[in-house]
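What follows is one structure encoded as structure tokens, with my remarks underneath.
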Amino acid sequence: MDNQTPQGRSASRRRRKRRKERRRKRMKWMLCLLAVAAGFVLVGRWAADPDWLQEGKDRLQHFLWNDVMPDAGHAKSLLVVEQGSGTVCLSKEEKKRCQPASLAKLFVIEYAATFTQLEDVVEVNEAALALTKPESSMAWLEPKEYYLRDLFAAMLVPSGNDAAYAVADYCGGRIDPTAAPGQERVEVFMENLRQHLSQQGYGDTMLYDPSGFDEEAYTTAKDLCRVAERLLAYDWVREMVGQLWYTAELPDGSIQSWKNTNLFLEPVSEFYHENVIGVKTGSMPDNYHLLVLYRQHGKEFLVCSLGSKSDTARYHDVIGILKKLDASDYLQEE
């Protein structure tokens, strides 16, 4: 039985109301503090990796639209060419000059293969490895003997910049035996590579560094498709770029393995595609490139996409292109 007077019950209700108000205020302050803390975490994450927010946007867009309209179509330049006929199936600013990043390695290999043998034994030296820039993609080479075939693979599969300098150093020494190991040999090689590019008609490509880690270099989707077509004429290139893992047995009997940077080849990746074969990735800040060989209905297509916004966006860009190919009358006609 409630023995409180009306005045007492009224005072009790006021106290309960004040307690509720205090709890609500504490909850608001806690939520504000959590929001501020979350903001600091997001800013810190963005400062450490500026592409993270863009990749998050890519994934959210992909989820919301259920893959109907992924964040694709934002590549600065693209070109799709049917192999064999040379027919251009799709293009966008294919002559627009872009920094090649690691796609520059394709030109290096194409030229080096014209005057060397795959089974050449290359003495990788400290002077060449020391040219590798900080924060480069690496094949983690050591100063010892490698077969040239395996150095090419180290450039194509894990996109090793150290391997690019090792190949340029070796080839520069072949061109000019008097050149000193390291920078001098690499400069000899690059000078001759630029002459080769001019002679072969790569008029919109200029390279100064064999790894592609160079903001002054440029190329185009058109030139990249041309060099890729020449490289894919080699069975050994097709074999290398189509593998998720490449294992090399070195002259001293040791084993070294490298994983492909192309997520289209990774079975556990959301981007895995059984009809994509290689070819090469390339990345510079705000410029993510992807060059693939697509096989469908007995036909092969080179797909070159340059200048996507982020790592994941480049895969969405290429997936959008592949869907257009799959839906086209051109692809299905026989």
Side-chain angles (χ1 to χ4, degrees), residues 79-86 100 102-122 139 141 146-161 163-172 174-175 189-190 192-193 195-197 199-202 205 207 210-212 219 221-251 256-262 264-265 275-282 289-296 298-304:
L79 182 63
V80 181
V81 181
E82 184 190 8
Q83 295 300 278
S85 70
S102 284
L103 296 184
K105 296 181 177 77
L106 299 176
F107 296 102
V108 171
I109 294 173
E110 190 268 330
Y111 172 51
T114 63
F115 63 95
T116 59
Q117 299 296 319
L118 293 178
E119 302 312 314
D120 286 355
V121 176
V122 178
L141 302 184
Y146 288 79
Y147 293 114
L148 183 60
R149 171 195 294 270
D150 298 328
L151 292 179
F152 285 161
M155 294 170 66
L156 290 170
V157 178
S159 198
N161 287 5
Y165 291 112
V167 168
D169 176 84
Y170 170 69
C171 292
R174 289 278 299 266
I175 296 168
F189 174 77
M190 293 307 297
N192 282 266
L193 171 59
Q195 293 177 12
H196 172 78
L197 295 175
Q199 292 166 1
Q200 296 301 312
Y202 297 113
T205 298
L207 305 176
S211 73
T219 190
K222 184 176 180 179
D223 280 359
L224 284 164
C225 280
R226 287 187 59 218
V227 73
E229 185 173 13
R230 290 181 179 179
L231 284 172
L232 289 168
Y234 296 115
D235 290 339
W236 54 271
V237 171
R238 284 178 172 259
E239 181 182 359
M240 287 177 186
V241 301
Q243 298 180 70
L244 178 61
W245 285 93
Y246 179 92
T247 299
E249 183 175 350
L250 308 185
Q256 193 162 357
S257 296
W258 300 293
K259 187 177 182 181
N260 206 307
T261 58
N262 191 339
F264 278 130
L265 303 179
N275 294 329
V276 170
I277 305 168
V279 174
K280 189 79 186 68
T281 62
H289 311 323
L290 191 54
L291 177 61
V292 305
L293 180 65
Y294 182 57
R295 183 179 295 159
Q296 186 71 286
K299 296 182 178 182
E300 289 187 337
F301 302 85
L302 268 174
V303 179
C304 183

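Atom CG of Asp169 is separated from atom CZ of Arg174 by 13.0 Å, given to the nearest 0.5 angstrom. Atom OH in Tyr111 sits 8.0 Å away from atom SG in Cys171 (nearest 0.5 Å). Rounding to the nearest 0.5 Å places CG of Asp223 at 3.5 Å from OG1 of Thr205. Note that the CG atom of Leu151 and the CG atom of Asp120 stand 10.0 Å from one another [nearest 0.5 Å]. Rounding to the nearest 0.5 Å places CH2 of Trp245 at 10.5 Å from CG of Asn260. The line from CG of Leu224 to CG of Leu103 is 5.5 Å long, rounded to the nearest 0.5 Å.
Among all heavy-atom pairs drawn from Pro210 and Ala164, the shortest one is O-CB, 3.6 Å. Nearest heavy-atom pair across Ala166 and Val122 is O-CG1, 4.4 Å. Across every non-hydrogen atom of Met155 and Ile109, the tightest pair is CE-CG1, 3.7 Å. Leu291 approaches Ala228 most closely through the heavy-atom pair CD2-CB, 3.7 Å. Listed here is the closest heavy atom pair of Ala113 and Trp236: CB-CZ2, 4.4 Å.
Phe189 and Tyr170 have their aromatic ring centers separated by at least 6.0 angstrom.
Ring pair Tyr246/Trp258 is parallel by interplanar angle, where below 30° counts as parallel and above 60° as perpendicular.
A cation-pi arrangement is found for Arg226 relative to Tyr202, the charged atom lying closer than 6.0 Å to the ring centre and inside a 45° cone about the ring normal.
The closest side-chain donor-acceptor pair between Lys105 and Asn161 falls under 3.5 angstrom. Between the side chains of Tyr147 and Glu249, no donor-acceptor pair is found at a separation under 3.5 Å. A donor atom on one side chain and an acceptor atom on the other are not found under 3.5 Å apart for Thr281 and Asn262.
Contact annotation: the side chain of Leu232 approaches that of Leu302 to within less than 4.5 Å [non-hydrogen atoms, C-beta and beyond]. Lys280 has its side chain within reach of Leu106: a pair of non-hydrogen atoms, C-beta onward, lies under 4.5 Å apart. Side-chain atoms of Leu148 and Gln117, non-hydrogen and from C-beta on, never get closer than 4.5 Å to each other. Residues Tyr146 and Val121 fail the side-chain proximity criterion, which asks for heavy atoms closer than 4.5 Å.
Under the salt bridge (Lys or Arg N to Asp or Glu O under 4.0 Å) criterion, Arg149 pairs with Glu119, sequence neighbours left out. Applying the side chain to side chain donor-acceptor pair (under 3.5 Å) test to Arg295 and every residue at least two apart in sequence or in another chain returns Glu300. Taking Gln200 as the reference, Arg230 meet the side chain to side chain donor-acceptor pair (under 3.5 Å) condition, with sequence neighbours excluded.
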(Q) Using side chain to side chain donor-acceptor pair (under 3.5 Å), reason through Thr261 and Ser159 one step at a time and then give a plain yes or no. (A) CA-CA 7 Å; Thr261 58; Ser159 198; 5.5 Å; no
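Paired with Val303 under the rule side chain to side chain contact (heavy atoms under 4.5 Å, CB included), one option of Leu293, Val276, Val292 passes, and it is Val292.
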